[in-house]
Every structure is written in structure tokens, then in C-alpha cells.
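Any value given below was found using the heavy atoms of this structure, including those in side chains, with hydrogens, waters and symmetry copies removed. Please read these numbers as outputs of a predicted model, since none were measured by experiment. Order of appearance sets the numbers: ligands from 1, and atoms from 1 within every ligand.
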Amino acid sequence: PDLFESPDYYNIDDLLTDEHKLVRSAARDWVKREVSPIIEEAAQKAEFPKQIIGGLAEIGAFGPYIPEEYGGAGLDQIAYGLIMQEIERGDSGVRSTASVQSSLVMYPIYKFGSEEQRKKYLHKLASGEFMGCFGLTEPDHGSNPGGMVTNFKDAGDHYVLNGAKMWISNSPFADIAVVWAKSEEGRIHGLIVERGMEGFSTPETHNKWSLRASATGELIFDNVKVPKENLLPNKSGLGAPLMCLDSARFGIAWGAIGAAMDCYDTALRYAKERQQFGKPIGAFQLQQKKLAEMITEITKAQLLAWRLGTLRNEGKATSAQISMAKRNNVDMALKIARDARQILGGMGITGEYSIMRHMMNLESVVTYEGTHDIHLLITGLDITGLNAFK
Ligand code: TGC
Ligand code: FAD
């Protein structure tokens, strides 16, 4: 059965292949069945619902575009985007787990790893037997990861890793961490650090008001001995983690549309049913303005994401184009969540509806993977050639 019930104001479905629609239906069906019924309670309790890991693997959310020979789903970029959209319709925190596993853990191992590393980790990550996390951000280096101080020294048959990472999605339960650290020469490299290595700990970050169903923590390295074969050999420099971010940011540009669609769907239905002053609140111009602007912005975001997907499929999307879509689409979703919350009045602040959870989640999404400001500066640099960062 065609499970698609969602805004498609510009018939964007006509731009999708049958495979895209099939992948989307499977993801949407799974989110409805397995995520929507449990996610509110998980968020209220601030617990990552580990029971959904197997389902995420089954819908191809772990490594959608990683080739099948390495356990991935072997899909194209638009299918990857649609899976992220459907997951984030459920919850941005669940999408975070999938983004990190796919684009920040599997992708660097696939792209920069040795054949042995690919064979050792990728199948297990695709099936969810192993969960991963990505350590770039540090307490004193967020928007400016190039300033990182985490470092490793050559100690003969192994490296010795020291430093700390902060705000790391999945860290409290991850089996492996892809960690970015500087060599003695000051060059950034990726290292695979495994849970259980002596001196490696992952304390959880508590009391978040956002992404409560996603576990966030630190990565602390106190003279951790990392075997030399755990260094990703095929790319170094800040460009390596930034390539991972390009892939994750692309997925987020699609994911945010899912959160926005869920808020819009909920607000539209509510506005048609809720009566005040003798008529549905959807009959008042002020509420129609909100709803009409929402569908306009969702439609623009869908077109941006679809076009970016075709460019990524052709290997032609630039990082700056990805920044524009991430920034626009997350900002769009956050504004829609805020307006949708108002349409629901007092009901909008309760856990009976998903809107307030989306709104709080999106406050993280607008900050992680490059803040709203940073992505604007990337566009600014791209169009002027003048660097306003430093
Ligand atoms: P800059 O001098 O511009 O660049 C350093 C080197 O990297 C190259 N490069 C890229 N390469 C590949 N892809 C890209 N997108 C690239 N962007 C730049 C560049 O050519 C250069 O190469 P080389 O050979 O000349 O050395 O670097 P910068 O230090 O000025 O910083 C640039 C800036 C600010 C844009 C960048 O650092 C940045 O994007 N900052 C934001 C940090 C960020 O996004 N952190 C995210 C952490 S992970 C996360 O949040 C996960 S959330 C969980 C989830 O996804 O759900
Ligand atoms: P800062 O860099 O200190 O920025 C603070 C403010 O200053 C922002 O408004 C920013 O836009 C502004 N600013 C900074 N520099 C400039 C400038 N040059 N010009 C103008 N304004 C500027 N990181 C990981 O590595 N892995 C993860 O899995 C991960 N998961 C995360 C999960 C959550 C829930 C959160 C909240 C964050 C996560 N992050 C992760 C970290 C995230 O990427 C950083 O929070 C983000 O890059 C911003 O860094 P910061 O928080 O240090 O803010």
C-alpha cells in the first residue's frame, strides 16, 4: 500500500524513482510503528531507545549509500535523504543516531580506511551490532575545530592519545569512536578508538532540554594506547572530517524537512478542528498566514534538497551548496515548529503532540554540524572570496 500521506504541494513525488518511494514508504511505516509510539516517553525520560537499533538497520538507515559489499544499502543520495526525512519526522535525536553512524562513522571508515578496517567494522556498523560516534568538537574548539588540542604521539608499535571531546552524540553507548586528533607534526588524522581501551572513558552529558532521546557525552583520552592499524590511512588534514560533515549536513537538510512536515501536518489538522468564536481557528486569517507560509517554506526546502541530491549523485555538489541547504532547511523547520506550537495554543506545550519536542530538538540541530552563523559565513566566503571567520 502507498503509505505516503504528507504535503507534496509541487508534485515533487514525480521527481522520485519507484525505488525512492519504496525506501521512503518502508522508513515511514517503520517510524510510525516503532518510533512514534515510544519516542515521547523516551524523550521525557531522557533515554535513548536502544530497542530501535535493529529497526534502523533494517530500513537501511545505517550506511544507506555505502556499497552493499560492505553491508550498506547501496542506495543513492536522494534515497539517503528520504530516509533521514522520515526518521526525523519521528524525532531529530533518532535521526542524529543514524546520521552519526552513517556519515560520521561508516563514511570515514569506507572513504579513508584501509581494506582491513572496512572489513572489520563496516558490516557490524551496518547491522547495528556495533554503534559508533564521531569526536571532533572539543570544550574549547567548537566552530573552530582546526584549533583542536587532542593529540597523539608515536610510541613504537602504537600511538598514545591524549585530550577530550565534548558534545558527542552516541558516545555513552558507542562501541567505537572515530576521533580526530593532531600528530606530533600538528596534522589532523582520524583514529578508531574502541570501548575498553585503557584510559578511554565516555561520561554522559545530563540535563539537556533538547535531543533528549539521543545520548550525548564526552570522550576522554588519558594516555590511551591506540594500535597503529587503527589510524585511518587514506586522508589527513581538516578536510577529512569536513568531508564527513558534508555528508551528514546533506542528510540533515532532508531530515529537517521531516520535522517541519510533522509540525505542519499536526497544526493543519488542529486548525481545522479546533473551534473558537464559533468557527475553526483555521478560518482566521492570522492562522492561515502561518499555515500558508509553512507549506511554502516546506516546498522550497524540498526543492532545494532534491536538487542538492541530484548534484550529490553526480558528484557535483559543493560544500557551500550543502551549507546553504543545511542552514535554510533547519531554520525553516525551527520557525515552523515555533509557529505550529502557537497554533495549538496551550495544547502545543504538552507531550500529547510532537511539536514542542521537535522545537526543542531543532535548537540543537541549528547549532550542531556547523551553526546557523557558520553556514552563513561559508556562503559569504563562497560568494565574495573574502574570509569573515578569522
Ligand atoms: P579552512 O581553512 O577553510 O579549511 C581547512 C582545510 O579543509 C578544506 N575544506 C574542506 N574539505 C572538504 N570538505 C569541506 N567541506 C571542506 N571545507 C574546507 C580546505 O580546503 C582546507 O584544506 P587545506 O588542504 O587547504 O588544508 O578551515 P577553517 O579552519 O577556516 O574552518 C572552516 C570552517 C569554520 C567552515 C569549518 O571548520 C567548520 O565547518 N566549522 C563548524 C564545525 C562543525 O560543523 N562541527 C561539527 C561537529 S560534528 C557534529 O556536530 C555532529 S552532530 C550529530 C549529528 O549529526 O546528528
Ligand atoms: P561556539 O563555536 O563556541 O559558538 C558559539 C556562538 O558563536 C555560536 O552562535 C556561533 O555561531 C558563534 N560563532 C563562532 N565562531 C564565529 C565566527 N567566526 N563568527 C561569528 N560567529 C561565530 N560534535 C561532534 O564532534 N560530534 C558530535 O557527535 C556532536 N554532537 C552534538 C550533539 C549535540 C546535542 C550538540 C548540542 C552538539 C553536538 N556537537 C557534536 C557539537 C557541535 O558541532 C558544536 O556545538 C557546534 O559546532 C558549535 O560549537 P560550540 O558549541 O563550541 O559553539
Side-chain angles (χ1 to χ4, degrees), residues 46 48 61 84 87-88 91-105 107-108 111-112 131-148 150 164-172 174 177-181 186-188 190 202 204-219 235-256 317-324 326-327 330 360-382 387-390:
F48 170 68
M84 296 300 121
I87 297 175
E88 196 150 356
D91 190 80
S92 306
V94 178
R95 197 269 307 134
S96 290
T97 292
S99 291
V100 169
Q101 184 88 344
S102 298
S103 289
L104 302 183
V105 181
Y107 174 80
K111 201 81 185 164
F112 316 135
M131 293 301 292
C133 68
F134 175 88
L136 181 66
T137 306
E138 300 188 351
D140 294 329
H141 301 93
S143 296
N144 175 28
M148 69 173 65
T150 297
K165 300 288 175 178
M166 191 179 182
W167 296 119
I168 307 306
S169 301
N170 299 355
S171 98
V178 170
V179 176
W180 301 93
R187 183 98 184 142
I188 294 173
T202 60
E204 184 157 0
T205 302
H206 295 290
N207 300 334
K208 291 179 298 165
W209 283 119
S210 176
L211 288 192
R212 288 171 62 82
S214 159
T216 314
E218 297 166 58
L219 302 174
K235 189 164 170 73
S236 62
L238 188 58
L242 288 174
M243 278 173 70
C244 305
L245 295 183
D246 275 356
S247 176
R249 290 165 177 174
F250 170 77
I252 292 170
W254 283 84
T318 67
S319 297
Q321 286 171 333
I322 296 169
S323 283
M324 181 184 281
K326 190 273 183 183
R327 180 175 187 273
V330 176
M360 295 197 302
N361 283 341
L362 289 162
E363 292 291 345
S364 286
V365 182
V366 80
T367 290
Y368 70 30
E369 295 275 5
T371 68
H372 190 65
D373 296 332
I374 290 297
H375 289 297
L376 177 128
L377 296 178
I378 290 172
T379 306
L381 169 60
D382 196 46
N387 189 333
F389 287 109
K390 312 176 190 179

For this session: Output the list of atoms in ligand 2 that are nearer than 4.0 Å to some heavy atom of Leu377, sorted by atom number.
Result: 17 (C), 19 (N), 20 (C)

Seminar exercise, completed: Looking only at protein heavy atoms, what sits closest to atom 29 (O) of ligand 1 is Leu238 CD2, 3.7 Å

For this session: Pick one of side chain, backbone, both or neither for how Trp167 approaches ligand 1, counting any non-hydrogen atom pair under 4.0 Å.
Result: neither

For this session: Please verify whether a non-hydrogen atom of Gly370 lies at under 4.0 Å from ligand 1.
Result: yes

Exercise. If you measure every N/O of Ser96 against every N/O of ligand 1, is any gap under 3.5 Å?
Worked result: yes

Problem set entry | Residue and atom name of the nearest protein heavy atom (relative to atom 28 (P) of ligand 1), distance in Å to one decimal | Lys390 NZ, 4.0 Å

Exercise. Of the backbone atoms (N, CA, C, O) and the side-chain heavy atoms from C-beta on, which set of His372 has a member under 4.0 Å from an atom of ligand 2: side chain, backbone, both, or neither?
Worked result: neither

Exercise. How far is atom 15 (N) of ligand 1 from its nearest protein heavy atom, and which residue and atom is that?
Worked result: Ser319 OG, 2.7 Å

Exercise. Is there at least one pair of N or O atoms, one from Phe389 and one from ligand 2, spaced under 3.5 Å apart?
Worked result: yes

Problem set entry | ligand 1 contact on Ile378 by region, counting heavy-atom pairs under 4.0 Å | side chain

Seminar exercise, completed: The answer for which part of Leu242 has a heavy atom under 4.0 Å from ligand 1 is both

For this session: With heavy atoms under 4.0 Å as the rule, classify the contact between Thr137 and ligand 2 as side chain, backbone, both or neither.
Result: both

Exercise. Taking heavy atoms and a distance under 4.0 Å, where does Ser364 meet ligand 2: side chain, backbone, both or neither?
Worked result: side chain

Exercise. What part of Leu211, side chain from CB on, backbone N/CA/C/O, both or neither, has a heavy atom under 4.0 Å from ligand 2?
Worked result: side chain

For this session: Using distance alone, decide if ligand 1 has a nitrogen or oxygen within less than 3.5 Å of any nitrogen or oxygen in Glu369.
Result: yes

Problem set entry | Atom pair OG1 (Thr137) and CD (Glu369), whose distance is rounded to the nearest 0.5 Å | 9.0 Å

For this session: Please indicate whether any nitrogen or oxygen in His141 is less than 3.5 Å from any nitrogen or oxygen in ligand 2.
Result: no

Exercise. Is the shortest distance from atom 25 (O) of ligand 1 to a protein heavy atom below 4.0 Å?
Worked result: no

Exercise. How does Leu377 reach ligand 1, if at all, at less than 4.0 Å between non-hydrogen atoms: by side chain, backbone, both, or neither?
Worked result: neither

Problem set entry | Ser92 to ligand 1, any heavy atom closer than 4.0 Å | no

For this session: Return yes when Ser169 approaches ligand 1 closer than 4.0 angstrom through a heavy atom, no otherwise.
Result: yes

Problem set entry | atom 9 (N) of ligand 1 protein-contacted (non-hydrogen atom, under 4.0 angstrom) | yes

Exercise. Atom 40 (N) of ligand 1: protein heavy atom closer than 4.0 Å?
Worked result: yes

Exercise. Should Tyr368 be counted as touching ligand 1, given the test is an N or O pair under 3.5 Å?
Worked result: yes

For this session: Establish whether atom 32 (C) of ligand 1 and some protein heavy atom are separated by less than 4.0 angstrom.
Result: no

For this session: Mark whether atom 20 (O) of ligand 1 lies under 4.0 angstrom from at least one protein heavy atom.
Result: no

Exercise. Is the shortest distance from atom 56 (O) of ligand 1 to a protein heavy atom below 4.0 Å?
Worked result: yes

For this session: Starting at OG of Ser169, measure out to CG of Leu211 and round the result to the nearest 0.5 Å.
Result: 7.0 Å

Exercise. Of Gly239, Gly237, Ser323, Ala320, which has the heavy atom at the shortest distance from atom 11 (N) of ligand 1?
Worked result: Gly239

For this session: Select one of side chain, backbone, both or neither to describe which atoms of Leu245 lie under 4.0 Å from any atom of ligand 1, heavy atoms only.
Result: side chain

For this session: Have a look at Asn170, Leu245, Asp373 and point out the one with the heavy atom closest to atom 8 (C) of ligand 2.
Result: Asp373

For this session: Pick one of side chain, backbone, both or neither for how Arg249 approaches ligand 1, counting any non-hydrogen atom pair under 4.0 Å.
Result: side chain

